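For reference, the structure discussed in these notes is given below.
Fair warning: this is a prediction, and the values are worked out from it, not measured in the lab.
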Amino acid sequence: MSDSWDVKRRLAQALNEHDLEALLDTFSPDAVLVSPFGIAEGHEQIGWMYEQVFKSFPDFQLIVWYEAVGCDAPMMVEWTATGTHLGPILLPNGRELEGTGRPITFRGTCASFIEDGKIKTHREYFDQLEIYTQLGLCLTETPEGSATAS
């Protein structure tokens, strides 16, 4: 296995330890993170995004259950995330949902491109609606017939 897999594993470990400094050390200074929550560019924005996850879910844990070790570009893993919603979470409409005390569990995958021992691009894929549903949110119909989160 390549050293690049060590970088991916250090990222997962830093996430589970909520160690923002170690987490950012896995990313290049000009890295880009793309997820259903948005796009973050550079350490400041990437750090802010993960900091929000840790505030919203203080017991956040990531269980990696598959690594596509036969491929180094992109490096793919599948995982399950768990946590309890105890802090505010930013919703797509710009409002904050205060902690509900509800547990969440969702599966996802991520793809990373690593250059010179650092993550250059990291893409996360998961069902954001699954998280919102577990937090007690639901889609409602507007008079115009379009669905919105309530």
Side-chain angles (χ1 to χ4, degrees), residues 4-69 74-114 117-144 146-150:
S4 295
W5 280 105
D6 292 335
V7 174
K8 284 286 280 186
R9 291 183 186 118
R10 283 188 298 131
L11 173 61
Q13 180 178 351
L15 280 165
N16 286 331
E17 293 174 357
H18 299 204
D19 185 340
L20 205 52
E21 186 177 329
L23 185 148
L24 290 174
D25 187 53
T26 64
F27 286 92
S28 69
D30 61 343
V32 176
L33 167 72
V34 180
S35 85
F37 291 132
I39 298 172
E41 298 180 27
H43 279 189
E44 185 177 332
Q45 291 180 12
I46 292 169
W48 182 87
M49 190 174 286
Y50 282 118
E51 193 173 48
Q52 300 314 301
V53 172
F54 300 152
K55 285 180 183 176
S56 299
F57 305 95
D59 60 346
F60 178 86
Q61 289 293 289
L62 188 76
I63 300 124
V64 175
W65 47 270
Y66 177 75
E67 296 177 332
V69 293
M75 304 183 75
M76 301 285 298
V77 301
E78 292 182 280
W79 43 261
T80 299
T82 62
T84 308
H85 181 223
L86 299 177
I89 188 171
L90 188 61
L91 299 174
N93 64 4
R95 292 186 353 218
E96 279 190 344
L97 175 66
E98 292 302 320
T100 61
R102 292 175 180 242
I104 61 159
T105 300
F106 63 101
R107 294 181 345 156
T109 189
C110 61
S112 299
F113 291 89
I114 297 178
K118 301 282 185 180
I119 298 170
K120 187 75 170 170
T121 305
H122 183 74
R123 297 183 187 122
E124 297 177 346
Y125 303 94
F126 55 86
D127 187 347
Q128 196 174 16
L129 185 57
E130 181 180 8
I131 296 169
Y132 294 145
T133 301
Q134 291 179 45
L135 295 177
L137 300 174
C138 60
L139 292 178
T140 58
E141 287 283 325
T142 64
E144 297 81 31
S146 62
T148 62
S150 61

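- Inter-residue side-chain proximity for Q61 and H18 is flagged as met; some heavy-atom pair is nearer than 4.5 Å.
- The side-chain heavy atoms of K120 and D30, taken from C-beta on, include a pair separated by under 4.5 Å.
- No side-chain heavy atom of L23 sits less than 4.5 Å from a side-chain heavy atom of D19.
- Summarising the geometry of R9 relative to V69, their closest heavy-atom pair is NH2-CG1, 4.2 Å, with the distance given to 0.1 Å.
- Crowding of E130 atom CD: a count of heavy atoms from other residues, nucleotides or ligands under 6.0 Å exceeding 12.
- Side-chain contact check for M49 versus Q52: every heavy-atom pair is 4.5 Å or farther apart.
- Aromatic pair H85/F57: ring centres closer than 6.0 Å.
- Within the 4.5 Å cutoff, the side chain of W48 has no heavy atoms near those of the I46 side chain.
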- [ ] Start with the C-alpha distance between E98 and T100, add both sets of side-chain angles, then the distance that settles side-chain contact (heavy atoms from CB on, under 4.5 Å), and finish with yes or no.
- [x] CA-CA 6 Å; E98 292 302 320; T100 61; over 6 Å; no
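- In this structure, the side chain of Q45 engages the main chain of E41 through a donor-acceptor pair within 3.5 Å.
- Across G101 and L86, no two heavy atoms sit closer than the pair CA-CD2, 4.0 Å.
- For the atom pair CG (D6) and CD1 (I114), the distance works out to 9.5 Å, reported to the nearest 0.5 Å.
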- [ ] Begin from the C-alpha positions of L137 and L91 and carry the test side-chain contact (heavy atoms from CB on, under 4.5 Å) through to its verdict.
- [x] CA-CA 10 Å; L137 300 174; L91 299 174; 3.7 Å; yes
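- In this structure, the ring of F126 has its center less than 6.0 angstrom from the ring center of F37.
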Without placing hydrogens or testing angles, list every side-chain donor-acceptor pair under 3.5 Å for residues 74-84, not counting sequence neighbours.
| from | atom 1 | to | atom 2 | distance (Å) |
| --- | --- | --- | --- | --- |
| T80 | OG1 | W65 | NE1 | 3.0 |
| T84 | OG1 | D59 | OD2 | 2.7 |

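- Within 6.0 Å of CD on E21 lie no more than 12 heavy atoms contributed by other residues, nucleotides or ligands.
- Here the side chains of I119 and V7 are in contact, with some heavy-atom distance below 4.5 Å.
- Minimum heavy-atom separation, W5 to A68: CZ2-O, 3.2 Å.
- With no hydrogens or angles considered, a side-chain donor-acceptor pair links S112 and K8 at under 3.5 Å.
- Across every non-hydrogen atom of L90 and E96, the tightest pair is CD1-CG, 4.3 Å.
- Note that the CD1 atom of I131 and the CD1 atom of I89 stand 6.5 Å from one another [nearest 0.5 Å].
- Atom OG of residue S35 and atom CD of residue E124 lie 5.5 Å apart, to the nearest 0.5 angstrom.
- F54 is listed as a side-chain neighbour of L15, based on a closest heavy-atom distance under 4.5 Å.
- A donor-acceptor pair under 3.5 Å links the side-chain atoms of Q134 to the main chain of T105, judged by distance alone.
- Within the 4.5 Å cutoff, side-chain heavy atoms of Y50 are placed close to those of L33.
- Taking the charged nitrogens against the carboxylate oxygens, D127 and R107 have no contact shorter than 4.0 Å, which rules out a salt bridge.
- H43 contributes atom NE2, which lies 10.0 Å from atom CG of L20 (distance to the nearest 0.5 angstrom).
- Side-chain atoms of S56 come within 3.5 Å of backbone atoms of P88 as a donor-acceptor pair (strictly under, hydrogens ignored).
- The aromatic rings of H122 and F27 sit perpendicular, their planes meeting at an angle over 60°, well past the 30° parallel limit.
- The neighbour count for R123 CZ, taken as heavy atoms of other residues, nucleotides or ligands under 6.0 Å away, does not exceed 12.
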